[in-house]
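Before any comments, here is the structure.
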Amino acid sequence: MPKTEKIHYLKEYQPPAYRVSHVDMDADLRPGACTISTSLYMEPAPGTRQKEPVFLDGTDLQPEEILLDGKKVPRNEYRLSRQGLTLENPPGRPFVLKTKVTIEPEKNSDLMGLYRTGGVWCTQCEPEGFRRITFMLDRPDNMATYRVRLEADREMAPVLLSNGNLVEKADLEKNRHHAIWEDPHPKPTYLFAMVGGKLEMIRDEFITKSGKNVELAIYCEPGKKKKCAYAMGALKRAMKWDEKRFGREYDLETFNVVAVSDFNFGAMENKSLNIFNDKYILADPDSATDMDYYNIERIVAHEYFHNWTGNRITCRDWFQLCLKEGLTVYRDQEFTSDMRSRATKRISDARNLMAFQFAEDKGPLAHPPRPDRYVQINNLYTSTVYEKGAEIVRMLATLLGEEQFARGMELYFRRHDGQATTIESWIKVFQDSSGRDLSQFARWYVQAGTPEVFASGFWDENSNTYMLHLKQVNKPTPGQDSKLPLCIPLKFALLNARGKEMTIEKVSGGTVEGDVIILDKSEIELVFSGIGQRPVLSLLRQFSAPIALANGQTREEKIFLATHDGDPFNRWQAGQDMAMEMMTRAIRNNRDYCQNDVDELAAAIRNTLKSRHHDDEFKALTLLLPSEKAIAMALREDINPGQIHELRQKLQILISRKLQDMLLEILERPRITTGHSQNIKQVQERSLRNRCLMLLVAQNEKSMIRMARKQYENCDNMSDRMGALGAMVMGSHENSLPLLEDFRQKYKDDPLVHDKYLALVAQIPDRICLDKITEIYESRDFPLTNPNRVRALIGGFAAGNPAQFTRRDGAGFELVARVIGDIDPINPQVAASLLEAFGPFG
Ligand code: ARG
Ligand code: ZN
């Protein structure tokens with residue numbers, strides 16, 4: 001694995017000396033070997049010196065032919081290495097360079113470049129896969145038009161797809177056929193895609209706001225097309241939404257999606273030919289949970305939104321990755337908020353950010369959203385780039401306000417359409433459109449780490465003033481010893497004794513714009529006047545900035561917020577803080593919970609469960625204790641995952657006992673509707689019911705177990721089945737084994753459901769977990785080559801079962817290390833993703 005590898009620096013960026021404006025590719029697909037002939041239409045960039053050599057990326061490619069304007073290039077005029085091809089004496093004028101190579105997709109097990117999955121030829125080029133298919137300037141700042149001819153056997157690959165428009169499809173001799181695709185939109189190599197194989201499909205159409213007809217198709221492996229309908233609906237909703245919310249219309253006549261079963265990550269936004277891990281396309285009520293549906297909708301939308309934020313406007317270099325990813329995640333978050341519940345979407349995004357991105361910031365690999373160096377670009381597809389990148393866009397929207405932000409987005413699309421650009425120009429757009437100086441704000445992109453904000457308030461009853469002292473601390477991270485203060489937008493309210501927001505008449509000492517405090521110095525002291533009663537501060541409403549807040553509030557104030565705060569995020573967070581404080585105290589002092597604390601926490605939760613103002617999903621989130629990982633991070637030192645697991649489980653049981661009447665009442669309530677649908681009310685209801693069941697089964701009592709078993713047997717959808725089975729595995733693993741086996745039997749022919757089985761086995765909170773995993777892993781039919789299977793079983797264990805993973809005897813570590821060793825030669829990216837688990841607990 002790690003040789004001494006080169007470090008790439010942003011400051012060394014140089015535009016290419018030659019440009020490729022058009023690519024004409026001919027792909028002859030045959031089992032065993034594919035021949036790729038490519039003509040690159042090249043020209044020297046303005047200012048390029050005569051005779052400057054041309055370097056073309058090409059990883060381990062052996063050219064069978066190199067022609068320059070149709071003439072063979074003599075052997076002494078080019079150099080070959082494992083990285084590519086250098087032309088020593090290129091003409092100082094436009095020319096066409098043609099190369100021919102033969103590659104073997106069946107041997108490609110790391111699933112980058114052209115590979116074969118379930119008999120289907122398929123590509124993944126982002127970030128640097130194209131260079132494994134043919135010689136080319138494989139960098140995002142070279143945008144070219146493409147013409148691609150694919151040829152294959154008619155039976156073996158009736159479907160032949162690439163980007164853009166189909167211009168010809170014809171039968172050839174010897175039972176072969178070909179298809180020619182042209183993409184008129186210039187694009188970088190990483191957005192190239194081609195697919196050939198036996199696939200079935202569903203079709204639909206979308207009429208854009210200006211009346212253009214777009215043909216939509218989703219392709220999948222034979223027998224699976226019944227499961228594509230939900231994804232198609234999601235695609236159409238995303239197309240509509242992008243027109244309404246961002247004024248973005250689709251720009252070609254076809255939009256194709258292909259779902260394959262071997263894929264390294266979620267999905268890929270190739271121009272007009274999105275390729276998906278089929279886990280994020282296929283769904284029906286019997287095989288997919290509500291969480292699966294949620295992910296499908298979100299990821300289908302994300303890839304579609306890339307058409308404007310990523311494809312038409314792309315990144316100049318990979319340091320700018322968050323230009324497209326942060327923005328597109330922001331857009332998909334907004335879409336989900338509009339389709340579902342804004343309040344709970346915000347809470348789950350914040351919860352994930354605090355778990356994964358904050359952990360990255362704490363670790364040795366902490367990096368800014370726009371890094372200035374990398375070794376392996378593949379390892380930069382991180383939560384910091386994606387999710388923190390999205391938070392920065394959200395803060396920008398908060399600072400500028402809806403209207404100014406929309407105006408900036410308009411200008412961004414107008415000014416940079418067709419370009420490969422940078423974070424600097426992104427910031428400049430908003431600076432120009434709003435007239436606001438954003439230079440301090442831009443530090444968010446280049447400073448790593450989670451800012452800590454300390455707040456303390458004091459109400460002076462004599463002068464009717466409320467003083468709020470705010471301080472930000474930006475601790476050093478590896479490679480960044482000193483940091484400057486950031487511009488942090490803090491949404492807030494001062495609540496009166498009934499939980500109502502006070503009106504604020506006068507503030508001094510800092511900037512407050514509407515309901516946003518702008519913390520732009522290391523410390524500020526705000527003075528609110530005309531505050532006639534003691535307020536309770538609700539700070540960081542809607543999680544308005546990706547910071548760690550220490551608000552110094554008393555337990556009484558937390559209880560008050562958990563019971564009264566009208567901001568769902570803060571109301572939820574206050575409850576989490578209470579629970580977290582109890583758990584960390586119990587662990588640190590090695591003491592039991594104090595009954596009074598439990599009663600107070602339960603009372604606050606009960607209040608929310610009874611409230612008519614909150615949806616069922618919010619209630620379900622309120623019933624969810626901070627994760628074991630979050631507890632470990634809060635403790636910082638002396639982490640004993642086994643103890644964390646036990647104490648968290650114990651608190652669940654105490655809460656469950658305390659709220660038993662309510663939990664049972666919720667489960668006994670008639671459902672709002674019968675039959676399964678993705679109606680949001682129904683989804684939220686299932687979520688709440690299954691959380692209640694989980695808590696009840698945690699008591700490990702006969703009647704509760706019976707209830708779960710009954711639900712497992714009688715339910716009509718996968719969410720309820722997994723809800724029941726998951727509750728059993730977590731709360732009563734000794735009784736769950738026969739059910740687990742029943743589940744395995746029932747769904748052994750559906751690989752995506754089988755992954756759910758694997759993930760559940762990986763979660764068993766007992767020593768037998770490791771034996772079972774080892775047995776499955778060592779069985780002959782466990783496919784090391786499929787990323788979904790490996791991640792469900794091994795990733796699920798390493799990331800989701802810290803107590804067993806870190807077992808005292810080291811057997812958990814040993815197994816995962818062994819798997820990483822086995823997988824690395826097959827697929828280093830999957831191996832690297834398993835390695836991440838060693839972070840917080842390793
Ligand atoms: N651009 C794709 C997306 O965000 C993901 C590509 C991931 N690539 C990688 N090397 N990890 O949807
Ligand atoms: Zn993306």
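Counting starts at 1 for both ligands and their atoms, in listed order. Remember, predicted model here, so these are calculated numbers, not experimental data. Values below: every heavy atom of this structure, side chains too, minus hydrogens, waters and symmetry copies. In this chain, residues are counted from 1 in sequence order.
Under a 4.0 Å heavy-atom criterion, Pro127 is in contact with ligand 1. For the pair His306 and ligand 1, a heavy-atom separation below 4.0 Å is found. The shortest heavy-atom distance from Gln829 to ligand 1 is under 4.0 Å.
In this structure, Tyr250 and Tyr304 have tilted ring planes: the angle between them lies in the 30° to 60° band. In this pair, Tyr381 and Tyr386 present their aromatic rings tilted. The plane angle is within the 30 to 60° band. Note: Tyr293 and Tyr230 have perpendicular aromatic rings, judged against thresholds of 30 and 60 degrees for the angle between ring planes. Taking the six-membered ring for Trp and thresholds of 30 and 60 degrees, His302 and His306 have ring planes more than 60 degrees apart, a perpendicular arrangement.
Ser425 places a side-chain N or O within donor-acceptor distance of the main-chain N or O of Thr422, the cut-off being under 3.5 Å. The closest donor-acceptor contact from the side chain of Arg331 to the backbone of Phe305 lies under 3.5 Å.
In Lys324, the part holding a heavy atom less than 4.0 Å from any atom of ligand 1 is the side chain.
Shortest distance from the Zn ion (ligand 2) to Glu325 is reached at OE1 (N/O/S atoms only).
Within ligand 1, counting atoms from 1 as listed, the ones closer than 4.0 Å to a heavy atom of Met268 are 1 (N), 2 (C). For ligand 1, the atoms sitting less than 4.0 Å from at least one non-hydrogen atom of His302 are 3 (C), 4 (O), 12 (O), numbered in the order shown with element in parentheses. With ligand atoms numbered from 1 in the order given, ligand 1 contributes 1 (N), 2 (C), 3 (C), 12 (O) to contacts under 4.0 Å with heavy atoms of Glu269. Atoms of ligand 1 found under 4.0 Å from any heavy atom of Asn378, numbered from 1 in the order shown, are 10 (N). Of all atoms in ligand 1, numbered sequentially from 1 with element shown, those under 4.0 Å from a heavy atom of Ala267 are 2 (C), 3 (C), 5 (C), 12 (O).
Of the candidates Arg237, Lys236, Lys345, Arg237 is the only one forming a salt bridge (Lys or Arg N to Asp or Glu O under 4.0 Å) with Glu297.
Looking only at protein heavy atoms, the nearest one to atom 4 (O) of ligand 1 is Tyr386 OH, 2.7 Å. Atom 8 (N) of ligand 1 has its closest protein heavy atom at Phe265 CZ, 3.2 Å. Among all non-hydrogen protein atoms, the one lying nearest atom 1 (N) of ligand 1 is Glu126 OE1, 2.6 Å. Residue, atom and distance of the protein heavy atom nearest to atom 12 (O) of ligand 1 are Glu303 OE2, 2.6 Å.
Around the Zn ion (ligand 2), the angle linking His306 (NE2) with His302 (NE2) is 100°, rounded to 10 degrees.
Between Val830 and Arg791, the closest side-chain pair of non-hydrogen atoms falls below 4.5 Å.
Taking the ring centre of Tyr294 as origin, the terminal cationic atom of Arg340 falls outside the region bounded by 6.0 Å and 45° from the ring axis.
Contact record, His185 with Thr145: C-CG2, 4.4 Å, taken as the closest heavy-atom pair.
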